[in-house]
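Remarks on the structure that follows.
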Amino acid sequence: MSDPIEPSTSSTSSAKDPNTVSLLHPRREPFEHGLLPIPKLIFTDPTQTLIPLKQTLLSSSSAETNRRVDSAALSEALQISPAHARLVLDTLASILHSDSDPLVRSRPDEIDSAGADVHDLVLFLYIQSYKKLLPRTHKDSASVADVWPSTSAFDGYLSALSPLQLVRSNSRRFIPSQSDEEAHQLSYLQKHLANILSLLAEPVEGDGEESLVLTMDRFEHLGFLIQFGDKGYEGNQLSQHAPFFANSDPDMPAVPVPAAQVHDWLLQNIASALEHISERTSAKENGPSSASDQDVAMADACTTLIKASPSARGPSFIEGVSKSSLVKHASDLKGSSVKVLNCHDSVIYVLAPLRYATIYGSSDTTIVLGAVGKAVRVEHCERVHVITAAKRISIANCRECVFFLGVNQRPLIVGDNHKLQVAPYNTFYSQLEEHMNEVGVEAKTNKWDEPLALGVVDPHDSLSHPAGVSDAQAESATRMDPDQFTKFLIPDWFGDESSGSTKDNPFLLPDAYLVSQQRNQKNLGEIKQLLREAPLEENRKRELSSALHVYFKDWLYASGNIRQLYCLQGD
């Protein structure tokens, strides 16, 4: 969806010109990683609540000069706990459009001193009313009815999203596509645009009556929700795409623009973007399907599917990997985000510096993510092991999953979860510290063992929920028993790409886990020594060695790890 188009400033046309301005897009990050199921943040009438709240925050002592507020002021204004107020700031920092914002650049212990810009904050609070797109019903529910166990946490409607059903039914078309979600987000912005602009506009006296105007500075805050073209904030500033602000003299403040004019111009851009999505969807449905659109047959082989996004703004997809292993480096990915979707009984390595990562609808899989500088979201997974060094992670609607974490913020746990475990980070690869430095993940701060559980019901979900459970707290995660903790070894099959300085786990292990790891290593060394020094004749040694190899091979097959050897050897 990177076809250029010129947004019209007239009320009657939407002329397209491939040599001028690019298409408008919603920024996915606030909608995918920025929604918090905290009831006090979701307002029946956001505008009526947020306009006075904005004035209250701006009048606080810390915001009088720089328009920024800390978690204490936010906690008092919203009547939420200090922990929830800090969560708001942490979440906002992970989805802001400007990497130069002080909140984004702050170290974990500097978040409060940096504070959040009040105008970014009210936009963040406004979109907490957003409802996610409702998944389409499966076109042949009978064909998947007997796939997922009846005791699954995903019984009922959500069973249609389970990875095993996707494998067996050989169809994923009922899951909303990126185009579906983008159109849904655009429609939300279209409906609420007038209210959103009112939060940023300033009143002025003109012609005897009060009106609202937007300065160029306030207009830039809309970059939190929308962007033009493929690069977003990494390209030109948002105002450079607007005819009323473009080419303004940087030494002379641009003249404020009537909010009504901004509103009309943005509505035309949104309408053009929605029309573009509709035309592309119609062409795809009526024309021959491409290889990337076809359903993928899942085979018990080392076949994998990775779909690179067509532009740098979109994520790379790793989708439908079944009973296989997959290794991806930075050079294999388009853009700086990745989505791992509907993978089953596999091992997936994404050893790259990333901004965002999503793991969805997978089961019985180990997923190693390199360094993630913004946010990781894990949703609707069963018996998945996730190993990641990240700024923050949120976990929703998962069962029997284990998370080996090096995280700078408290792990967020929401939704209907069962038997989750957290453990310290347990691996490394040669470029890990280089990747962590690149995206801003700090090894000195690891809050793996401080999970924060919110509501069991997600108010942003379009599904209906039974009454009376909206305030129930989600089941939290337990710490892994140190005796069960083991080091995860990433094989060195990278060749020239393995050059790097990381020689060990950069995160400091807690004493109990360090002792357990050292004990396991010592026991292994003693067993090796005993076998080497065993007073056995040569033929008996060969028999013992043969027996050990047989047991090890049986374990490889029983655990599924045998495919790592075959598939990675093939890579």
Side-chain angles (χ1 to χ4, degrees), residues 302 304 306 315-316 318 321 324-340 343 346-359 362 365-376 378 384-393 402-408 422-446 448 480 485-509 513-514 517-518 520-521 524 560-561 563-571:
C302 297
T304 59
I306 178 166
S316 291
I318 298 173
V321 181
S324 182
S325 292
L326 180 67
V327 184
K328 291 296 170 183
H329 306 287
S331 58
D332 301 315
L333 305 175
K334 302 296 183 183
S336 55
S337 299
V338 68
K339 290 191 174 184
V340 181
C343 295
S346 298
V347 182
I348 297 169
Y349 304 83
V350 186
L351 307 182
L354 302 167
R355 289 170 65 84
Y356 297 95
T358 299
I359 301 171
S362 298
T365 294
T366 296
I367 301 167
V368 184
L369 300 174
V372 186
K374 295 293 186 179
V376 178
V378 185
V384 166
H385 287 199
V386 176
I387 305 172
T388 185
K391 186 72 69 70
R392 71 189 305 264
I393 186 171
V402 185
F403 301 88
F404 297 89
L405 303 176
V407 287
N408 296 159
V422 289
Y425 191 74
N426 68 336
T427 192
F428 71 94
Y429 58 97
S430 62
Q431 294 177 301
L432 175 59
E433 288 173 289
E434 176 186 332
H435 291 167
M436 289 171 59
N437 291 333
E438 184 174 336
V439 300
V441 177
E442 295 192 6
K444 293 181 179 179
T445 303
N446 191 0
W448 68 274
M480 172 180 277
F485 180 79
T486 57
K487 181 186 293 186
F488 184 86
L489 297 177
I490 299 177
D492 184 12
W493 6 242
F494 306 137
D496 294 336
E497 293 192 53
S498 65
S499 58
S501 59
T502 307
K503 306 300 180 185
D504 203 353
N505 185 348
F507 293 92
L508 185 66
L509 284 179
Y513 293 88
L514 180 60
Q517 181 175 285
Q518 291 173 340
N520 291 338
Q521 291 174 336
L524 179 60
N561 288 310
R563 70 178 57 91
Q564 289 191 65
L565 301 182
Y566 291 142
C567 295
L568 296 178
Q569 185 179 24
D571 289 344

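Computed from a predicted model, the values in this text were never measured in an experiment. Sequential numbering from 1 along the given sequence is applied to the chain's residues.
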message: Which residues pass the salt bridge (Lys or Arg N to Asp or Glu O under 4.0 Å) test with K391, not counting sequence neighbours?
response: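 For K391 there are no salt bridge (Lys or Arg N to Asp or Glu O under 4.0 Å) partners, ignoring immediate neighbours.
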
message: Could you work out, with salt bridge (Lys or Arg N to Asp or Glu O under 4.0 Å) as the rule, every residue matching E433, not counting sequence neighbours?
response: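 For E433 there are no salt bridge (Lys or Arg N to Asp or Glu O under 4.0 Å) partners, ignoring immediate neighbours.
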
Distance, nearest 0.5 Å, that separates [atom1] of [X] from [atom2] of [Y]:
X    : Y    : atom1 : atom2 : answer
F404 : N426 : CZ    : CG    : 5.0 Å
D504 : L432 : CG    : CG    : 10.5 Å
L354 : T388 : CG    : OG1   : 8.0 Å
L369 : T358 : CG    : OG1   : 9.5 Å
S501 : N437 : OG    : CG    : 8.0 Å
T445 : N408 : OG1   : CG    : 5.5 Å

Heavy atoms, side chains only, cut-off 4.5 Å: are [X] and [Y] in contact?
X    : Y    : result
L333 : V350 : yes
I490 : F428 : no
I348 : T366 : no

Pairing residues for L508 by the side chain to side chain contact (heavy atoms under 4.5 Å, CB included) criterion, not counting sequence neighbours: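 Scan of L508 (side chain to side chain contact (heavy atoms under 4.5 Å, CB included), adjacent residues dropped) gives none.
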
- prompt: Quick check: does any side chain N or O of S362 sit under 3.5 Å from a backbone N or O of C343, one acting as donor and the other as acceptor?
  reply: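 Such a contact is found between S362 side chain and C343 backbone.
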
Looking at [X] and [Y], what are the two nearest heavy atoms and their distance?
X    : Y    : value
N446 : L405 : ND2-O, 3.1 Å
H435 : Y429 : ND1-OH, 2.8 Å
V376 : A390 : CG2-CB, 3.8 Å
A443 : P506 : CB-O, 3.4 Å
V372 : R355 : CG1-O, 3.4 Å
P353 : A330 : CD-CB, 4.0 Å

query: Partners of Y513 by ring pair (Phe, Tyr, Trp, His ring centres under 6.0 Å), sequence neighbours excluded?
result: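 Once residues adjacent in sequence are excluded, the partners of Y513 under the ring pair (Phe, Tyr, Trp, His ring centres under 6.0 Å) criterion are W448, F485.
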
message: Tell me every residue that passes ring pair (Phe, Tyr, Trp, His ring centres under 6.0 Å) with F403, counting only those two or more places apart in sequence or in another chain.
response: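 Here no residue qualifies.
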
Residues which pass side chain to side chain donor-acceptor pair (under 3.5 Å) with H385, listed by chain and number, not counting sequence neighbours: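 None.
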
